[in-house]
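Input: a single structure, listed below in C-alpha cells.
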Amino acid sequence: MVPTSSSSSELNSVVDAGAGNGTNPGDGGAQPSDGWHTRELRAENAYVGRLYDRLEAQRAFASARLREIHLQDRGGTAQSRMERDTLEIHHTRRLAELHAAEYGLCFGRIESADGERQYIGRIALSDEDHEPLLTDWRAPAAEPFYRATPAAPGGVAGRRHLRSKGRTVVDFDDDAFGLNALAGRDSSELSGETALLASLTAARTGRMGDIVSTIQAEQDRVIRSELGGVLVVQGGPGTGKTVVALHRAAYLLYTHRDRLAKRGVLVIGPNTTFLRYIDQVLPALGESEVVLSSIGALYPGVTGTDTETPEAAAVKGDGRMARVLADALEGLRQLPEDSWTITVGRRSPYHVELEIGRALCERAHAAAHRTGEPHNLARPDLVERLSSELALRIARDRGGNMNLDDVANLADALVGEPEFQAVADRLWPLLSPEQLLTTLFGSPELLARAMPDFSEAQRAALLRDDPGPGQDPAPWTTDDVPLLDEAAELLGPLPGSTVSRQAQLTAQELEFAKVVLEDFGVGLVEMDAEMLARQYQGEQSLRPLAERAAEDRTWGFGHVIVDEAQELSPMAWRLLTRRCPGRSMTIVGDLAQTGAPAGLSSWSEALEEYTAGRWRTVELTVNYRTPAEIMRITEGVLRAVDPALTVPTAVRSGGVRPWSLRIPEEDRGAALRAVVERELAALDGGRMAVIHAPSLPGELVDALAELDGVVVADGPSALDSPVVLMTAAQAKGLEFDAVLVVEPAEILAAHTRGVNDLYVALTRATRNLGVVHSRELPQMLEGLDAR
C-alpha cells in the first residue's frame with residue numbers, strides 16, 4: 001500500500017481557502033496549476049462540507065422538536081405525559097448522537113471496481129431524498145473498509161483514509177493494494193498504515209481515544225463477532241484489547257439495540273483510574289446505554305477503595321468463601337441447649353411465663369428453611385410458627401375456651417412482646433450484608449467454625465479489630481464487595497428497606513404502555529412496553545439507564561464486557577454472573593499479566609462453571625502499541641511467566657533501545673529524583689509513568705510527588721499530569737509515552753505473581769523504557785543497554 005501526502009504549501013492553500021466549513025473551497029473548480037492531490041483535497045472537502053450541512057440540518061430538526069416538547073403543557077393525562085416523554089427520549093438521544101459525531105464525522109471511503117464510492121463515518125446520514133451519504137462504521141456495509149487487504153480485497157478496488165482537523169480534511173492516504181509500507185512488513189495484515197502509525201506515535205493525552213478510523217482487520221473480526229454466549233479475547237500487551245472491547249460495545253448496541261438498550265451494557269475495568277482513562281471513548285461514539293464500573297463499585301452504597309494484603313485478597317477471592325458466608329450465617333442462628341424462658345403479657349390478661357424448648361425452636365427453624373427464601377425474607381415464617389404454637393399453648397392452659405380468632409390475636413400480641421422478639425433475634429437475627437461480614441471478620445470463633453478447610457493463617461488474614469465505641473469501622477475494600485454481594489443474596493432485604501427489585505406490573509399498566517408505543521410506531525425509541533411501564537410506576541419520571549442500574553443491585557444487564565478479566569477472583573466472577581443472567585459477555589485479558597493473588601491461571605477456571613459449552617476464545621496477535629525494541633526485552637520475562645507463551649508481534653520500531661541505570665542505594669532518593677527530573681524534561685509534552693513495587697518506601701514516593709508535574713496514581717489528576725507514580729496493578733490497561741520501572745527486583749519479590757507484574761510494567765510504554773535500580777538487575781533483563 002502506498003500512502004500519499006500533501007506538501008505543506010498545498011495544505012496551507014486548502015486551509016486558507018476555508019475548506020470543510022460547509023462550502024466548496026476556492027472558486028468551485030481546480031486551477032490549471034493545481035496538482036492532483038490538491039484537487040482531490042478540494043473535492044473531499046466539498047463532500048465532507050455537504051455531510052456537515054446535513055448534520056446541522058438534522059441537529060436543527062431535533063433541537064426544534066425538543067423545544068416544542070418542552071413548551072408543551074406538562075399536565076394532561078398519564079398517556080399524554082408518557083407520549084411526550086417518549087418523544088423526548090428519542091430526540092434527546094438523536095441529538096446526543098449527532099453532537100458526538102461532530103469530531104471526525106467522515107474518515108474514509110471505499111471504491112468498488114465499477115467506480116462506485118461509499119463514504120464511511122461515525123453515523124449514517126442520508127440526503128433529503130433518503131439516499132445514503134455516509135455509512136455508519138458499524139453497519140455491515142462498512143466491513144470492507146476494515147477487512148480489505150492486498151491478499152483479500154473483497155471487491156474493494158481502492159480505499160482512502162481521510163485525516164481531518166476540525167471540519168477540514170487536511171490530508172488523505174490512499175491504499176494501493178499489494179505493496180509493503182512498514183519497513184518490509186507484510187502489509188496484508190494491516191490497513192491504513194499511515195493513519196494507524198500517526199495515531200500510535202502521537203503523544204499520549206492521558207485519555208484513551210477511539211480507533212474508529214484505524215480499526216484493523218483482526219480487531220474488526222472481534223468487534224463484529226456474534227452476540228450470544230461468552231467471547232474471550234486473549235491478547236498480549238498493545239494488541240488493542242481495551243479499544244476492541246469498547247468498540248464492540250458500540251457495535252453491539254448499534255446492531256442489537258432493540259435488545260440491549262432495554263437493559264444496557266456493563267463495562268468492568270480494574271480500577272477507577274482506568275475508568276477515567278476510558279470514559280470518553282463510548283460517549284465519543286454516541287453511546288449512552290453503557291455503565292462503566294469497577295468491581296469495587298458494584299454494590300450500591302459501598303465503594304471498595306482500600307487494598308488488601310496479598311494474603312487477605314487471596315482468601316477473600318477464594319470461591320469457597322460463598323460456602324463460608326452461608327455457614328457463618330447458619331452459625332448465627334442459635335438454638336437453646338435445652339430451653340429458654342420468657343415472660344410475656346406483663347400488662348395484659350395473658351401475663352404468663354413461657355418455656356421455649358429446643359424442639360419448638362427446631363420446628364420454627366424448619367418452617368423458615370422450607371420457604372426457600374433468603375434469610376431475612378424467611379424470618380416471618382419462623383415468627384409465625386413460633387408465635388402460633390405459643391398462642392395455642394396458652395389457650396390450652398386456659399381451658400381451651402378461646403376461639404380461633406382469639407388465638408390469632410394472641411399470636412399477634414406475642415410478636416410485639418420484647419422478650420419474644422429477643423428470642424426471635426437469637427433464633428433468626430435480622431442482618432444486613434455489612435453486619436454479617438463485620439460479625440464474621442470480628443470473631444475468631446465464628447471464623448474457625450465457618451472456615452474449617454482454611455489454615456489458621458488464612459483465617460487470621462481476615463480478622464478485623466473492633467474499632468471501639470464511637471470509632472468508624474475500617475473501610476470496605478474492593479475484595480469485600482463480592483462478599484457483600486454474596487451476603488446480600490443470602491440475606492435478602494431488611495424489612496422496611498427499599499427493595500431494588502421492581503414491583504410486578506399489572507396487565508393494565510402493560511397494555512397502557514403498549515398503546516403508547518404503538519401510537520409512535522415500531523422502532524421510534526429503543527424500549528419495550530415493560531420498560532416504559534416501569535418508568536411510570538409510582539409516578540417516577542424517566543431516568544437514564546445508568547442511574548437506574550447503579551441503584552439496583554439486582555439489575556441484569558443485556559451484555560457485560562470485562563477488561564483485564566484475568567485479575568478477577570472466583571468470588572468476583574460469581575458477582576458478575578448475577579449481573580448478566582443471559583450470560584452474554586465479552587471477556588478481554590491476558591493470562592500472562594495476571595497479578596492478583598486470586599486471579600486466573602486459565603479462562604476455564606472462571607467460565608466452565610457458569611457457561612460450560614457456551615464460551616469461545618479468539619486471540620489478538622499483533623502488538624500495535626509497543627515498539628519492537630521494548631518487546632524484545634520482555635521475552636525473558638514472558639518465558640519466566642510461562643515458557644509456552646510468545647511475545648505478540650510488534651508492527652513498528654521506536655528507534656530507541658530500552659536502558660537501565662544503576663543508582664547508589666545509600667542515596668537512592670536523590671538519585672531517583674534526578675532521573676525523574678531529567679526524563680520529565682525530555683518528555684516533550686507526553687505522559688510518563690514511574691512504576692514501582694508496593695513496598696517502595698512511602699517517604700520516597702512522597703519525595704518524588706513533590707516534584708513539579710508529578711502525582712500519585714490515587715489522585716483525581718493522575719491522568720492529567722505529566723508524570724504519575726503507580727504500581728504495576730494500578731498501571732494495568734494504561735499506556736504512556738515513557739515508562740521508568742523502579743527496582744524490578746522488588747517488583748518480582750512483592751508476591752507470588754511478581755513476574756507477571758514486571759511484565760505489565762515493562763509493556764506500558766509507546767516510546768521509551770528505562771529501568772532504574774540499586775539492587776542487582778534480574779538476569780531476565782540483562783538485554784537492557786546500561787547507562
Side-chain angles (χ1 to χ4, degrees), residues 234-238 241-242 269-271 273-274 277 294-295 307-314 317 477-479 563-569 572 588-601 625-626 630-631 633-643 645 647-648 658 660 688-697 700-701 712-714 718 724-736 738-765 769-781 784:
Q234 163 74 36
K241 299 183 297 296
T242 298
N271 51 56
T273 301
F274 176 85
Y277 178 61
S294 62
I295 290 293
T307 57
E308 296 280 7
T309 64
E311 295 77 15
T477 70
T478 297
D479 295 290
D563 202 355
E564 301 294 339
Q566 75 279 352
E567 300 301 305
L568 298 192
S569 69
V588 298
D590 180 14
L591 295 172
Q593 298 184 56
T594 303
L600 298 181
S601 298
R625 176 184 70 212
T626 318
I630 294 178
M631 291 312 296
I633 292 298
T634 68
E635 291 177 359
V637 181
L638 190 59
R639 282 195 299 271
V641 173
D642 184 346
L645 296 175
V647 174
S660 66
M688 182 171 74
V690 178
I691 303 179
H692 57 83
S695 59
L696 191 70
L700 186 51
V701 174
V712 294
D714 294 336
V724 59
L725 307 171
M726 53 183 18
T727 64
Q730 293 168 325
K732 286 185 185 293
L734 305 179
E735 60 183 38
F736 304 88
V739 168
L740 278 181
V741 178
V742 178
E743 299 291 6
E746 292 182 6
I747 295 176
L748 285 172
H751 57 83
T752 56
R753 282 178 162 157
V755 65
N756 303 68
D757 278 353
L758 181 57
Y759 184 59
V760 171
L762 294 170
T763 54
R764 299 303 96 196
L769 171 66
V771 174
V772 182
H773 61 106
S774 58
R775 299 171 58 180
E776 285 297 322
L777 198 64
Q779 187 175 359
M780 63 184 72
L781 294 179
L784 292 165

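All of these numbers come straight from a predicted model, not from anything done at the bench.
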[X]: what forms a side-chain contact (heavy atoms from CB on, under 4.5 Å) with it, not counting sequence neighbours?
X    : answer
S294 : L275, A297
D563 : T242, F274, V588
A592 : D590, L638, V641, L645, Y759
I633 : P658, L781, L784

Closest non-hydrogen atom pair between [X] and [Y], with its separation:
X    : Y    : result
P648 : G236 : CG-CA, 3.6 Å
A598 : A313 : CB-O, 4.0 Å
G733 : Y277 : O-CE2, 3.7 Å
V755 : A640 : CG2-CB, 3.7 Å
Q566 : G589 : OE1-CA, 3.2 Å
A713 : T273 : O-OG1, 3.3 Å

Mark yes or no for whether T309, through its side chain, and A312, through its backbone, hold a donor-acceptor pair below 3.5 Å.
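Yes, T309 side chain to A312 backbone: donor-acceptor pair under 3.5 Å.
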Counting only N and O atoms by type, is there a donor-acceptor contact under 3.5 Å from the side chain of K241 to the main-chain atoms of Q234?
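Answer holds: no.
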Partners passing side chain to side chain donor-acceptor pair (under 3.5 Å) against T594 (at least two apart in sequence or in another chain)
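Checked T594 against side chain to side chain donor-acceptor pair (under 3.5 Å); zero matches.
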Under the rule for side chain to side chain donor-acceptor pair (under 3.5 Å), what residues qualify as partners of Q779, not counting sequence neighbours?
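With sequence neighbours excluded, Q779 shows a side chain to side chain donor-acceptor pair (under 3.5 Å) to no residue whatsoever.
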Spatial distance of atom [atom1] ([X]) from atom [atom2] ([Y]) [nearest 0.5 Å]:
X    : Y    : atom1 : atom2 : answer
L758 : L748 : CG    : CG    : 5.0 Å
E308 : T477 : CD    : OG1   : 3.5 Å
L762 : I630 : CG    : CD1   : 9.0 Å
M726 : L734 : CE    : CG    : 5.0 Å
L740 : M688 : CG    : CE    : 5.0 Å
R625 : T763 : CZ    : OG1   : 6.0 Å

Member of V742, V739, L696, V701 meeting the side chain to side chain contact (heavy atoms under 4.5 Å, CB included) criterion with V690
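When side chain to side chain contact (heavy atoms under 4.5 Å, CB included) is applied between V690 and each of V742, V739, L696, V701, only V742 qualifies.
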Among residues two or more places apart or on two chains, list those pairs meeting salt bridge (Lys or Arg N to Asp or Glu O under 4.0 Å) that have a residue in residues 743-765.
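As it turns out, the salt bridge (Lys or Arg N to Asp or Glu O under 4.0 Å) pairs with a partner in residues 743-765, which skip direct neighbours, are R668-E743, R668-E746.
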Is T752 close to P597 at the side-chain level, that is, under 4.5 Å between some pair of heavy atoms?
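No, side chains not in contact.
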Any heavy-atom pair between the side chains of L591 and L600 that's under 4.5 Å?
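SC-SC contact between L600 and L591 confirmed.
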Pairing residues for K732 by the salt bridge (charged side-chain N to carboxylate O under 4.0 Å, His left out) criterion, not counting sequence neighbours
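E567.
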Output all residues satisfying salt bridge (charged side-chain N to carboxylate O under 4.0 Å, His left out) with E564, sequence neighbours left out; order by chain, then residue number.
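By the salt bridge (charged side-chain N to carboxylate O under 4.0 Å, His left out) rule, E564 matches no residue at all.
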